[in-house]
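Take a look at the structure set out below.
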Amino acid sequence: MGNSKSGALSKEILEELRLNTRFTEEELSTWYQSFLKECPSGRITRQEFQTIYSKFFPEADPKDYAQHVFRSFDANSDGTLDFKEYVIALHMTSACKTNQKLEWAFSLYDVDGNGSISKNEVLEIVTAIFKMISPDDVKHLPDDENTPEKRAEKIWGFFGKKDDDKLTEKEFIEGTLANMEILRLIQFEPQKVKEKFKEKKP
């Protein structure tokens, strides 16, 4: 009775997504149609996700980062995202509140899914982020965060952790809310884009 190919989104899923995201019923229905065009099976594979993600960063190498993003949203770990998981991914990475975004960021950084973050996991994600920053943009980064190692060190230092300590989700969220500098460091945000915006202002 699956309706993934019927072209209409089930009322239950539509209602659930409408309640849990900021998207309207119209938006969700439109996206579902285009999702089915791209992925007729009703599911998107890791490879397809990477391809879509790469279009957003034509001059960078977002493969590793896209893999981590995919993993963090593949709720049932079956190697594909269905429309519901895909929309929640869109919501979490764009429109949601800071707290929700931090819950997602925690799952992104918790690479092995064991419920805590190690310094090595921070380095792994930060390294993936650096692959998306152009060498030109890296030149504009402050000295204490212009390599993945230095940035991971800086993030870890803000949490006041020793090298072999672990970070719980509660510590991660509370620490980041208390110091917005951490939020800047854990996200992918090219410095140069910000500078271009500044230049355009009168």
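The model shown is predicted, which means the values in this text are computed figures rather than measured ones. Quick note: numbers below take in every heavy atom, side chains included, and nothing from hydrogens, waters or symmetry partners.
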Report yes if some heavy atom in the side chain of Thr45 is under 4.5 Å from a heavy atom in the side chain of Glu48; otherwise report no. yes

Is Phe158 reachable from Met180 through a run of hydrophobic residues whose side-chain heavy atoms are each under 4.5 Å from the next? yes

Could you tell me if the side chain of Asp165 sits less than 4.5 Å from the side chain of Phe159, heavy atoms only? no

Separation between CD of Gln33 and CG of Leu28, rounded to the nearest 0.5 Å: 12.0 Å

Would you call Lys11-Glu15 a salt bridge at under 4.0 Å N-O? no

Distance col, row Leu108:CG vs Tyr65:OH, nearest 0.5 angstrom, shows 5.0 Å

Search all heavy atoms of Val111 against all heavy atoms of Glu121 and return the closest pair with its distance. N-OE2, 3.1 Å

Could you check whether Trp31 and Phe83 have their ring centres less than 6.0 Å apart? no

Would the distance check show the side chain of Asn120 and the main-chain N or O of Glu124 forming a donor-acceptor pair, the cut-off being under 3.5 Å? no

Roughly how far, to the nearest 0.5 Å, is CG of Asp61 from OG of Ser134? 13.0 Å

With the side chain counted from C-beta on, respond yes when Asp82 and Ile13 share a heavy-atom pair under 4.5 Å apart, and no when they do not. no

Atom NZ of Lys63 with >12 non-hydrogen neighbours under 6.0 angstrom: no

With no hydrogens and no angle check, is any side-chain donor or acceptor of Asp74 less than 3.5 Å from a backbone partner on Phe70? no

Write down the atom of Glu85, the atom of Ala75, and the distance for their closest heavy-atom approach. OE2-N, 3.0 Å

Would you indicate whether the side-chain heavy atoms of Leu17 and Tyr32 approach each other to under 4.5 Å? no

Side-chain heavy atoms of Phe49 within contact of Thr80, under 4.5 Å: no

Salt bridge present between Asp136 and Lys139 (N-O < 4.0 angstrom): yes

If you count heavy atoms of other groups shown closer than 6.0 angstrom to CD of Glu38, is the number above 12? no

Is there side-chain contact between Arg18 and Glu27, with heavy atoms separated by less than 4.5 Å? no

Do Asp143 and Lys150 sit within salt-bridge range, that is, some charged N less than 4.0 Å from a carboxylate O? no

Contact summary for His68 and Ile125, nearest pair of heavy atoms: CG-CD1, 3.4 Å

Answer yes or no: is there a side-chain heavy-atom contact under 4.5 Å between Asn146 and His140? no

Ignoring hydrogens, what is the shortest heavy-atom contact between Ile186 and Ala105? Give both atom names and the distance. CD1-CB, 4.2 Å

If only atom types and distance count, is the side chain of Arg151 paired as donor or acceptor with the main-chain N or O of Leu185 below 3.5 Å? yes

Would you compute the distance between atom CD1 of Ile182 and atom OG1 of Thr176 and round it to the nearest 0.5 angstrom? 4.5 Å

Going through the distances and angles, do Leu9 and Ser29 end up as a side chain to side chain contact (heavy atoms under 4.5 Å, CB included)? CA-CA 7 Å; Leu9 198 50; Ser29 297; 5.6 Å; no

Does the salt bridge (Lys or Arg N to Asp or Glu O under 4.0 Å) test come out yes or no for Glu145 and Arg184, once each step is laid out? CA-CA 11 Å; Glu145 57 181 80; Arg184 181 183 68 77; 2.9 Å; yes

CZ/Arg71 to OG/Ser77 distance, rounded to the nearest 0.5 angstrom? 9.5 Å

With no hydrogens and no angle check, is any side-chain donor or acceptor of Asp110 less than 3.5 Å from a backbone partner on Asn114? yes

How many angstroms lie between atom CG of Asp164 and atom OG of Ser118, to the nearest 0.5 angstrom? 10.5 Å

Does NZ in Lys84 sit with more than 12 non-hydrogen atoms of other residues, nucleotides or ligands closer than 6.0 Å? no

If you look at every heavy atom in Asp163 and Glu153, which pair is closest and at what distance? OD1-OE2, 4.4 Å

Can you hop from Leu123 to Ile155 via hydrophobic side chains spaced under 4.5 Å? no

Closest non-hydrogen atom pair, Leu167 against Lys161: CD1-CE, 3.6 Å

Heavy-atom side-chain proximity of Leu141 to Phe130 below 4.5 angstrom: yes

